[in-house]
Undergrad: 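Here you go, one structure.
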Amino acid sequence: QVQLVESGGSSVQTGDSLTLSCVFSGRTFTMSAMAWFRQAPGKEREFVAGLSPTGGRTHYSDSVQGRFTISRDNAKRMTYLQMNSLRPEDTATYYCAADTTPVASHIATVLRRYRYWGQGTQVTVSS
């Protein structure tokens with residue numbers, strides 16, 4: 001059974017940086033594509049960033065491209081989201097998600113591809 005636990009959420013100011021972490025419990029981490037999604041109040045959950053099982057491929061939403069970096073440490077079963085130049089519109093609950101049956105190196109951006117989810121960590125950016 002896979003469990004994901006996020007940490008690192010906080011309240012910060014515009015322009016600040018923050019790193020989110022996600023620990024993966026289970027045996028299939030190295031075969032899983034990992035992603036971060038976020039959900040703001042009253043809005044649908046949206047894809048933020050994802051990376052392939054080896055970490056060799058990444059994909060970002062247009063809204064975070066150039067500001068956020070997703071990475072993973074397969075030895076530690078950790079996934080990270082480095083967030084720079086934070087904006088008030090980045091305020092949301094951030095969720096770590098695992099696609100344990102990825103198609104080749106494809107990074108899915110749709111929720112239904114991700115079978116496992118963390119409980120979320122809150123990021124609040126004040127102006």
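Remember, it's a predicted structure, so these values are computed and weren't measured experimentally.
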Undergrad: Is any side-chain heavy atom of Pro88 closer than 4.5 Å to one of Thr14?
TA: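 Yes. Closest side-chain heavy atoms under 4.5 Å.
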
Undergrad: What's the spacing between Arg38 CZ and Leu20 CG if we round to 0.5 Å?
TA: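 Reported value, rounded in 0.5 Å steps: 11.0 Å.
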
Undergrad: Report whether Val12 and Val48 are members of the same hydrophobic cluster (ILVMFWY, side-chain heavy atoms less than 4.5 Å apart, transitive linking).
TA: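 Yes, it is one cluster - the side chains of Val12 and Val48 are joined through contacts under 4.5 Å.
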
Undergrad: When you compare the side chain of Cys22 with that of Met78, does any pair of heavy atoms fall below 4.5 Å?
TA: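 They are not in side-chain contact.
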
Undergrad: So how far is it from Thr100 OG1 to Arg27 CZ, rounded to the nearest 0.5 Å?
TA: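 Thr100 OG1 to Arg27 CZ: 14.5 Å, rounded to 0.5 Å.
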
Undergrad: How about Leu51 and Arg72: do any of their side-chain heavy atoms sit closer than 4.5 Å?
TA: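 Result yes, sub-4.5 Å side-chain heavy-atom pair found.
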
Undergrad: Do Phe68 and Asn84 come close enough that some side-chain heavy atom pair is under 4.5 Å?
TA: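 Not in contact.
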
Undergrad: Are Pro53 and Pro102 side-chain neighbours, meaning at least one heavy-atom pair lies under 4.5 Å?
TA: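 Counting from C-beta outward, Pro53 and Pro102 do come under 4.5 Å.
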
Undergrad: Can you see which heavy atom on Arg77 is nearest to which on Gly26, and at what distance?
TA: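 That closest heavy-atom pairing would be NH1-O, 2.7 Å.
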
Undergrad: If only side-chain N and O atoms count, and only distance matters, is there a donor-acceptor pair under 3.5 Å linking Thr93 with Gln39?
TA: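 No pair is found: no donor N or O on one side chain lies under 3.5 Å from an acceptor on the other.
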
Undergrad: Quick one: does Met83's side chain get under 4.5 Å of Tyr94's, heavy atoms only?
TA: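 Met83 reaches Tyr94 side chain to side chain.
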
Undergrad: Could you give the distance from CD (Glu46) to OG (Ser63), rounded to the nearest 0.5 Å?
TA: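 These two atoms lie 5.5 Å from each other.
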
Undergrad: Minimum heavy-atom separation for Leu81 to Trp36, with atom names?
TA: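 Looking at all heavy atoms of both residues, the shortest contact is CB-NE1, 3.5 Å.
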
Undergrad: What do the steps show when you test Gln122 against Thr91 for side-chain contact (heavy atoms from CB on, under 4.5 Å), and what is the final call?
TA: CA-CA 8 Å; Gln122 178 67 36; Thr91 295; 4.1 Å; yes

Undergrad: State whether a side-chain donor-acceptor pair under 3.5 Å links Asn74 with Thr30.
TA: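 Side chains of Asn74 and Thr30: no pair found under 3.5 Å.
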
Undergrad: Atom CG of Asp90 and atom OG1 of Thr124: how far apart are they, to the nearest 0.5 Å?
TA: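 Spacing of CG (Asp90) from OG1 (Thr124) equals 11.0 Å.
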
Undergrad: What distance separates Arg57 CZ from Ile107 CD1, expressed to the nearest 0.5 Å?
TA: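 It comes to 5.5 Å.
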
Undergrad: My understanding is that only residues two or more places apart in sequence, or in another chain, count here; which of them pass ring pair (Phe, Tyr, Trp, His ring centres under 6.0 Å) with Phe47?
TA: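 Ring pair (Phe, Tyr, Trp, His ring centres under 6.0 Å) check on Phe47 returns Phe37, His59.
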
Undergrad: Please work out which of the three classes, parallel, tilted or perpendicular, describes the rings of Trp117 and Tyr95, given edges at 30° and 60°.
TA: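 If you compare the ring of Tyr95 with that of Trp117, the planes turn out perpendicular.
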
Undergrad: Look at the side chain of Arg113 and the backbone N and O of Thr101, then say whether any donor-acceptor pair between them is shorter than 3.5 Å.
TA: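 Side chain of Arg113 to backbone of Thr101, a donor-acceptor pair under 3.5 Å: yes, one is there.
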
Undergrad: Where the side chain of Glu6 meets the backbone of Ser21, is there a donor-acceptor pair that is under 3.5 Å apart?
TA: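 Not a single qualifying donor-acceptor pair exists.
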
Undergrad: Can you find a heavy atom in the side chain of Val23 that is under 4.5 Å from one in the side chain of Leu4?
TA: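 Contact flag for Val23/Leu4 side chains = no.
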
Undergrad: Regarding Arg67 and the six-membered ring of Tyr60, is the cationic atom NZ or CZ under 6.0 Å from the ring centre and inside 45° of its axis?
TA: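 The answer is no; the distance or angle limit is not met.
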
Undergrad: Decide yes or no for Leu18 and Leu86: does some side-chain heavy atom of the first lie under 4.5 Å from some side-chain heavy atom of the second?
TA: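 Counting from C-beta outward, Leu18 and Leu86 do come under 4.5 Å.
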
Undergrad: Hey, mind stepping through Asp16 and Val125 against side-chain contact (heavy atoms from CB on, under 4.5 Å) and telling me if it holds?
TA: CA-CA 8 Å; Asp16 284 352; Val125 185; over 6 Å; no

Undergrad: Is the count of non-hydrogen atoms from other residues, nucleotides or ligands lying under 6.0 Å from Gln119 atom CD greater than 12?
TA: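 Counting neighbours around CD of Gln119, more than 12 heavy atoms of other residues, nucleotides or ligands fall under 6.0 Å, so yes.
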
Undergrad: Atom CD of residue position Glu44 - does it have more than 12 heavy atoms of other residues, nucleotides or ligands inside 6.0 Å?
TA: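 Counting neighbours around CD of Glu44, 12 or fewer heavy atoms of other residues, nucleotides or ligands fall under 6.0 Å, so no.
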
Undergrad: Look up atom CE in Met34 and atom OG in Ser52, then write down how far apart they are to the nearest 0.5 Å.
TA: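 Rounded to the nearest 0.5 Å, the CE-OG separation comes out at 12.0 Å.
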
